[in-house]
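Okay, structure first, notes after.
Here the structure is a predicted model, which is why all the values come from computation and not from measurement. To find a chain, count down the sequence lines: A is the first, B the second, and so on, and within it residues start at 1.
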Amino acid sequence: MVTLAKFLADSVWPQALEPRASERVRCESLERAVAAGGYVCRKGEPVEYWVGVIEGLVKISSVSPEGKAVTFTGVRAGGWFGEGSLLRPDPWRYDAVALRDSRVALVPRATFDWLLDSSIGFNRFLLGQLNERLAQFIAMVEYDRLLDPDARVARCLAALFNPRLYPGSSRELMISQEELGYLSGVSRQRVNQALQRLGEIRLLRVDYGKVTVLDLEGLKAFEG
DNA sequence: TCATTAAATTGTT
DNA sequence: AACAATTTAATGA
């Protein structure tokens, strides 16, 4: 099991910090275990932490007052989220729900603000991260309107395996086809068909509750 | 270790 | 949306 200290040491952004700064980050960060189905944060709560996923899978989603659910994206081990929310004075605009038993690293707002004020490397990392997300969401709007469900599932999976957002994570992802449906905006049945097709052409392999990416570039470029 | 059962997930209509 | 089939995890002999 990966410890908080090891997770921080292996993350990209602390490596850009001076020794004193990364020491402070190590001291002030917390770790929290969240059981499957549990909340990492909830819409409306004050934003107190920047969140890194040490282990597991967290989905960023929202539920309308009428009870309709939308899933925006999933965050895998190695990924960080909440920087956009920390940069605003507002409370969380979305829920973050653990899809499996997960562990997260929490960097307090004060530490985050201090890094923002003192480290160019940290700012550069954040800019890159925000840019990567922006690109991801623009691409989602584009392929939502242009591509068929098979391709939408393919690109959605490719996004989950983005090495810039989730460095060093494995080629495997434990996730049900139902959740993949929420993530890609496609029915569970359609996800099942898409996965079978993508499996036939060897872009990925499907097992019980698991998908393994065999050809990330192929998934990214898949158009049907 | 094996059999039984419930729960989760998948495959099909 | 409904249903059947399959896989996994938990339980107890």
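- The aromatic rings of Trp13(A) and Phe125(A) lie tilted to each other, with the angle between the two planes from 30° to 60°.
- If you walk DNA chain B from 5' to 3' and mark each nucleotide with an atom closer than 4.0 Å to a heavy atom of chain A, the marks span dA8(B) to dT13(B).
- Under a 4.5 Å side-chain heavy-atom criterion applied to ILVMFWY residues, the cluster that includes Ile138(A) comprises Leu134(A) as well.
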Is there any protein nitrogen or oxygen under 3.5 Å from a nitrogen or oxygen in nucleotides 5-8 of chain C, and what are the pairs?
unit_1: dT7(C); atom_1: O2; unit_2: Tyr208(A); atom_2: OH; d: 3.2

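- The hydrophobic cluster containing Val211(A), built from Ile/Leu/Val/Met/Phe/Trp/Tyr side-chain heavy atoms closer than 4.5 Å, also comprises Leu57(A), Leu99(A), Val153(A), Leu157(A), Leu160(A), Phe161(A), Leu173(A), Ile175(A), Leu180(A), Leu183(A), Val186(A), Val191(A), Leu195(A), Leu198(A), Ile201(A), Leu203(A), Leu204(A), Val206(A), Val213(A), Leu216(A), Leu219(A), Phe222(A).
- Looking only at side-chain heavy atoms (C-beta outward), Ser62(A) and Phe72(A) come within less than 4.5 Å of each other.
- Within 4.0 Å of Gln196(A), counting heavy atoms only, lie sugar-phosphate atoms of the nucleic acid but no base atom.
- Contact annotation: the side chain of Leu165(A) approaches that of Gln136(A) to within less than 4.5 Å [non-hydrogen atoms, C-beta and beyond].
- Contacts of Glu28(A) classified as side-chain hydrogen bond (donor to acceptor under 3.5 Å, both in side chains), with partners at least two apart in sequence or in another chain: Arg24(A), Thr111(A).
- What you find for Lys43(A) and Arg93(A) is that their closest heavy atoms are CD-O, 3.3 Å.
- Scored by the ring pair (Phe, Tyr, Trp, His ring centres under 6.0 Å) test, Tyr49(A) finds no partners at all (sequence neighbours excluded).
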